[in-house]
Amino acid sequence: MFWSKIFLPTLKDIPQDAEVISHQLMLRSGMIRRVTSGIYTWLPIGLKVLRKVENIVREEMNASGAQEILMPMVQPKELWEETQRWDKMGPELLRIKDRHERDFCLGPTHEEVITDLIRNNIKSYKELPLNLYQIQTKFRDEVRPRYGVMRGREFLMKDSYSFNLNEESLNESYLLMKEAYKKILDRLGLKFKIVKADSGAIGGDASEEFHVLAENGEDTIAVSDSSDFAINTELLLEEGDAIESLQGKPSPDGKGIIQIKKGIEVGHIFQLGKVYTDAMKASVLNHEGKTKNLFMGCYGIGVSRLVAAAIEQNNDEKGIIWPEAMTPFEVNIVAIGFDKDEKIAKAATDLYNELSSMGYEVMLDDRKDGYGTKIKDAELIGIPVNIIIGKQYLQNNEVELKHRDGQSSIGKVEDITTIFEHYKIS
RNA sequence: CGGGGUAUAGCGCAGUCUGGUAGCGCACUCGCUUUGGGAGCGAGUGGUCGUAAGUUCGAAUCUUACUACCCCGACCA
């Protein structure tokens, strides 16, 4: 992509209505623009990042054996009345009417729709277990949307639902999802903790949250300093206790002491049991020919929130520092004097074509601006590698390879492709 | 919903106290000179000052109501 062609409105100043760093950087780097409170438009490079995350989630879900479907955003009231959630959900559920005055809602989650699908189409235990997922826009009319897409009202989410004959099978599906989530976050290059969460009436190890660690996280979690153990602080606190009082106490798993950390909840896996399948009578015949209500699990991962969380965890005073798997572009060619010097323009374009054909996602800064403007924008957007073609190229055929982390080296332009061959392998 | 704050050009701001018909920086357009850390000079474009009503000869400025947005809290697979 040529910089002069892409729709990428970057900002020098910090927009006054953005408080947290990820929100500021997403606005400044031209990833998103607000439409109204908690509702955003994704611009080209923002969408590019969002799609990368989405694709990694999809690949790992498929690898786990789950199958992708797409359910509607608009859902009829009748389904929600079956589980009594039409009344229980409160104002967070955005309700609308059609031209016949029938009630609908915009789906904040899809237990009702999918349970309806399953009860109408699955009749035998032989068809189980089944895990279906979708990646779809959700709407929740949050009491207080904030921090940009971190807590938006409209957001992109992967939600999946497993249907199992019994608890053992449910537990297997649950563990598969847990492994898939670990792989997703590892591939995204994020530091995270799996946190024991409040499992409500269901009990046991039936609910765990995946938190990306970040100083500005909305949630407070208790982490053992000498094991992987982590738990939601709500589960440890007695009425009236201060969160700080947990710091230094023995970890509940018996290993090490508690450290208090801030996290952003990006995923939640949950064993629902038979709550919805009982309410909606979703059953199959077991091998004895008896009717059995299904066991159900639900597993969510916030795709758009992951983007914000990644930035929250990876930034400096210059801008975003993208993990390899999420960066909108892998290489940026800074061509100083592209419009004036044919030799520079040719070298930059040739390199652009060559790296592109090698499979890299390349950006070429062909704008009229000087080095300062170009490198500032590249650093703001967080492109991992910059290749600078300027005076040194004209003088002795050398270009600079400058990494986002500050490292840099000088080399002949002919060697660049060799270096990148090496990168692609490693 | 309770508490706090903001609203003037695309972005960041001044002007409001003390009423006199809107300004600065950046961005944008044109020209020339520049080009290795957000360039210089010159000439331009762009705003019914969030909305409505009121006071006044006259309102960005004073009064009232409303709206939007942000922050704290409560809430939140």
Review point. Does B:C75 have OP1 or OP2 sitting under 4.0 Å from an N or O in the side chain of A:Arg144?
Key: no
So [X], base contact, sugar-phosphate only, or nothing? Heavy-atom distance under 4.0 Å.
X: A:Ile269; answer: nothing
X: A:Gln392; answer: base
X: A:Asp341; answer: nothing
X: A:Tyr147; answer: sugar-phosphate
X: A:Arg28; answer: base
X: A:Glu379; answer: base
X: A:Ser37; answer: sugar-phosphate
X: A:Lys340; answer: base
X: A:Gly372; answer: sugar-phosphate

**Study point:** Nearest-angstrom distance from the residue atom CZ of A:Arg146 to P of B:A68
**Key:**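 Value for this atom pair: 19 Å.
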Practice item. Figure out the CG/C1' separation between A:Leu394 and B:U35, and round it to whole Å. Key: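 Rounded to whole Å, this separation is 11 Å.
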Under a 4.0 Å threshold between the charged nitrogen and the carboxylate oxygen, would [Y] count as salt-bridged to [X]?
X: A:Asp116; Y: A:Arg119; result: yes
X: A:Glu112; Y: A:Arg85; result: yes
X: A:Lys52; Y: A:Glu361; result: yes
X: A:Asp316; Y: A:Arg404; result: yes

Exercise for review: Return the nearest nucleotide to the side chain of A:Asp13; candidates are B:U34, B:G12, B:G37.
Suggested key: B:G12
Review point. So which nucleotide from B:A68, B:C13, B:U35 ends up closest to the side chain of A:Thr36?
Key: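 Ranking B:A68, B:C13, B:U35 by closest atom to the A:Thr36 side chain puts B:A68 first.
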Exercise for review: Could you let me know what B:G44 is paired to, Watson-Crick or G-U wobble, both distances under 3.5 Å, or none if it's on its own?
Suggested key: B:C28
Review point. Watson-Crick or G-U wobble partner for B:U6, using a 3.5 Å limit on both distances?
Key: B:A68
Point to revise | P-based separation of B:C76 from B:C17 [nearest Å] | key: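 One P to the other, the span is 46 Å.
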**Study point:** Interatomic distance at C1', B:U61 relative to B:A22, whole Å
**Key:**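 About 11 Å, rounded to a whole number of Å.
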Point to revise | Of A:Tyr174, A:Tyr299, A:Tyr133, the residue whose pairing with A:Ser162 passes side-chain hydrogen bond (donor to acceptor under 3.5 Å, both in side chains) | key: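 Between A:Ser162 and the candidates, side-chain hydrogen bond (donor to acceptor under 3.5 Å, both in side chains) is satisfied uniquely by A:Tyr299.
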Review point. If you pin A:Pro15 and A:Thr373 to their nearest nucleotides in RNA chain B, which one's is more 5'?
Key: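 Mapping each residue to its closest nucleotide by heavy atoms, the 5'-most match is A:Pro15.
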Point to revise | Earlier contact from the 5' end, RNA chain B, for A:Leu11 and A:Leu380 | key: A:Leu11
Practice item. Please state whether the base of B:C76 and the side chain of A:Arg151 form at least one donor-acceptor pair under 3.5 Å? Key: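 Indeed there is one.
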